[in-house]
Structure formats: C-alpha cells, structure tokens
Amino acid sequence: MSGLPLFRSVETAAAITDSVLVAFSGGKDSVVTLDVCMKHFAHVEGFFMYQVRGLSFQESILRYYEDKYGIPIHRIPHFELSQWLRYGLFRPYDFNCPIVSVKETYDYMRENTDIWWIAAGERIADSVWRRAMIKSSGTIDPKRGRFFPIAEWNKADVQAYIRQHKLRVGLESAKLGFSFRSFMGKDLLQIQKYFPQDYARIRRWFPLVDVSIIYHKMQRGHDGSAE
C-alpha cells in the first residue's frame, strides 16, 4: 500500500451512517469497495446495473459475493439501457420506453432499500473527468448522498488489497481486464470469443450487434492492425 491515508474516506463515512448501498460491477475497484464497506458498516447491500440481464459471467460473480458476505446484490437495469431501447441501439427503436436518469436509478434503489448513502469505486486516478468530479464534490458528497471509499487509491493499492484479502474479480475482468461495459466492437469480440453463450444472449436482445464487431474488424484492417 502507499503512504496515503487510504481508509480516511470510508472511516469518515462510517461515522456518518451505519448503512450503505454499494454500486457493484464485479471489477477490481468494485470488489475492493464492497469489501472495504463490509469491514466498516453494519448494514451493506449491493446493486448491479445490467445492460443485458442474466449473463453468466456476471451472475457468477454476483452470486459469489452474495454468498461470501451474506448480503443481497440487487439486479436493476442500467440507466443507459433506457436510451438503447428507446433509440434503437442495434435493435428496433421503441419510443414508448421512457428515458431513465442516473438520479432516478439511485432514487429507486434508495426507496426500495431505505438506505440513503451510495458508495462507488470511482478513483481520482481513473481519468481527468473522474479527477475533476471527485475534486469538485469531495470523496464524501452529502448533497448527493454518495461517497468514494477508494477515491485516493492508485491501481497498485487496489491490486495489493485484492491479493492481500484474496478477493475474486468477475470472469470477464480476469480474462479481458475490464468489466463488460459497452457494445464497442473490441469489447464484444472478446465476449464472443470467451463467452459465446452470453454473446448469443446479447444478440437476442440486440439482434444487430454483430455490426459493431464487423465495423471494428474493418477498422483494424483499414489501419493495418493484426487480428
């Protein structure tokens, strides 16, 4: 670990409340966030936002941590999914589908769990945008009811914590280096390769998704990149 006071934010938040909702993806940052919260709060529940419900590589890590900690991890649609369905991302559009905001998603979780504070695994080192966001709000944001327990950690801190506490990451994170996050061709190509049954499930919801992979391959060919 680095010399930073890595647990300052979570210890401060634990002095404010004894209950927290953890935004969970199964990736490195989220499994560390969940474990840290389990060690500091009396009542913890998780929630997972899916783009396609029931993908096996996601369900396996969700069930693992539900069993490990004896907590529920609620499955809810990702707020981005409402836009994908309404405007027809790789599928026919459906203008009857309402757009759901981030705030509405979080409010839904709060109303259904009676927990106000939400912890997430964003880190300052992730990107310029994340740095600006966290620097603006602080690692604890009472106005929005959010806090970021590992905001001041770097990648080495996260990896060291995972090794020390023998935490497990999702199958796609272990194989691909990231949590399933988008319908970008390069991401989908890896899902198709390593998780063909899950890719077939994605295609049932988004029947034109092959186009993203085809476009990705065309671009790589145009750039002279190797497959």
Side-chain angles (χ1 to χ4, degrees), residues 1-2 4-50 58-76 78-79 102-103 105-126 130-131 133-135 137-170 172-174 178-181:
M1 294 290 181
S2 73
L4 290 172
L6 297 181
F7 299 100
R8 177 179 59 193
S9 295
V10 70
E11 288 170 352
T12 302
I16 298 171
T17 181
D18 65 353
S19 301
V20 65
L21 277 166
V22 177
F24 186 78
S25 69
K28 294 180 179 67
D29 293 339
S30 77
V31 302
V32 171
T33 298
L34 181 58
D35 191 76
V36 166
C37 286
M38 290 301 304
K39 290 176 168 60
H40 287 84
F41 295 90
H43 184 194
V44 178
E45 297 186 27
F47 68 97
F48 172 79
M49 296 185 288
Y50 59 82
Q58 294 177 332
E59 281 298 315
S60 64
I61 197 67
L62 296 175
R63 290 193 296 268
Y64 173 79
Y65 279 105
E66 284 179 321
D67 293 341
K68 177 178 174 67
Y69 297 127
I71 64 169
I73 299 179
H74 306 278
R75 281 75 154 166
I76 61 171
H78 198 290
F79 51 86
V102 179
K103 182 179 183 302
T105 301
Y106 289 170
D107 286 347
Y108 172 84
M109 286 307 310
R110 288 170 169 140
E111 291 169 5
N112 282 273
T113 60
D114 199 29
I115 300 173
W116 166 252
W117 284 95
I118 294 175
E122 283 92 339
R123 295 184 296 112
I124 289 173
D126 284 342
R130 289 271 175 87
R131 177 179 292 274
M133 179 193 75
I134 295 173
K135 288 292 187 181
S137 68
T139 59
I140 299 175
D141 185 353
K143 183 177 180 180
R144 294 193 301 154
R146 298 191 66 195
F147 75 97
F148 309 98
I150 64 170
E152 297 171 302
W153 297 35
N154 59 38
K155 186 176 181 179
D157 294 326
V158 171
Q159 292 173 332
Y161 189 94
I162 288 173
R163 289 193 302 270
Q164 180 181 353
H165 296 276
K166 297 179 172 60
L167 299 180
R168 184 181 297 183
V169 298
E172 85 277 22
S173 289
F178 54 82
S179 302
F180 179 55
R181 57 195 175 183

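Source: prediction; values computed, not measured.
The environment of Tyr108 atom OH is sparse: at most 12 non-hydrogen atoms of other residues, nucleotides or ligands sit within 6.0 angstrom. Dense packing is recorded around CG of Asp67, with more than 12 heavy atoms of other residues, nucleotides or ligands lying under 6.0 Å away.
Residues His43 and Ile115 meet the side-chain proximity criterion, which asks for heavy atoms closer than 4.5 Å. Side-chain contact between Tyr64 and Arg168: present, with at least one pair of heavy atoms (C-beta onward) separated by less than 4.5 Å. Under the 4.5 Å side-chain criterion, counting only non-hydrogen atoms from C-beta, Phe47 is not in contact with Thr113.
Closest heavy-atom contact between Phe7 and His40: CD2-CE1, 4.2 Å. Scanning all heavy atoms of the two residues, the minimum distance from Ile71 to Val44 falls at CG2-O, 3.4 Å. When every heavy atom of Pro149 is checked against every heavy atom of Thr33, the shortest pair comes out as CG-CG2, 3.9 Å. Taking every heavy atom of both residues into account, Leu6 and Trp153 meet most closely at O-NE1, 2.9 Å. The shortest non-hydrogen separation linking Trp116 to Lys143 is CZ2-O, 4.1 Å. Pairing each heavy atom of Ile16 with each of Ile140, the nearest pair is CD1-CG2, 4.2 Å.
Of the charged side-chain nitrogens involved, at least one lies within less than 4.0 Å of a carboxylate oxygen, so that Glu66 and Arg75 count as a salt-bridged pair.
Remark: side-chain polar atoms of Arg110 are paired, donor with acceptor, to backbone N or O of Gly145 under 3.5 angstrom. The backbone N or O of Val169 lies less than 3.5 Å from no partner atom in the side chain of Ser173, so there is not a single donor-acceptor pair. In this structure, Ser179 contributes its side chain and Gly26 its backbone to no donor-acceptor pair below 3.5 Å. At distances below 3.5 Å, not a single donor-acceptor pair connects side-chain atoms of Asp141 with backbone N or O atoms of Ser137.
Atom CZ of Arg146 sits about 12.5 Å away from atom OG1 of Thr139, to the nearest 0.5 Å. Remark: Glu45 CD to Cys37 SG distance equals 12.5 Å, nearest 0.5 Å. Atom OG1 of residue Thr105 and atom CE of residue Met109 lie 10.0 Å apart, to the nearest 0.5 angstrom. Rounding to the nearest 0.5 angstrom, the gap separating the CD atom in Glu111 from the OH atom in Tyr106 is 15.0 Å. In this structure, CD1 in Ile61 is found 10.0 Å from NZ in Lys68, a value given to the nearest 0.5 Å. In this structure, CD in Gln159 is found 9.5 Å from CG in Asp157, a value given to the nearest 0.5 Å.
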Next on the checklist: Walk me through whether Met49 and Phe79 qualify under side chain to side chain contact (heavy atoms under 4.5 Å, CB included).
Outcome noted: CA-CA 8 Å; Met49 296 185 288; Phe79 51 86; 3.9 Å; yes

Checklist entry - Could you go step by step and tell me if Phe180 and Gln58 meet the side chain to side chain contact (heavy atoms under 4.5 Å, CB included) rule? => result CA-CA 9 Å; Phe180 179 55; Gln58 294 177 332; 3.7 Å; yes

Item to check | Worked check of side chain to side chain contact (heavy atoms under 4.5 Å, CB included) between Ile150 and Tyr161 | outcome: CA-CA 11 Å; Ile150 64 170; Tyr161 189 94; over 6 Å; no

Item to check | salt bridge (charged side-chain N to carboxylate O under 4.0 Å, His left out) between Glu11 and Lys39, intermediate numbers included | outcome: CA-CA 10 Å; Glu11 288 170 352; Lys39 290 176 168 60; over 6 Å; no

Checklist entry - Which is it for Val32 and Ile162 under the side chain to side chain contact (heavy atoms under 4.5 Å, CB included) test, yes or no, and what are the steps along the way? => result CA-CA 7 Å; Val32 171; Ile162 288 173; 3.6 Å; yes

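Taking the ring centroids of Phe147 and Phe41, they lie under the 6.0 Å cut-off. Aromatic ring centroids of Phe24 and Tyr65 lie under 6.0 Å apart.
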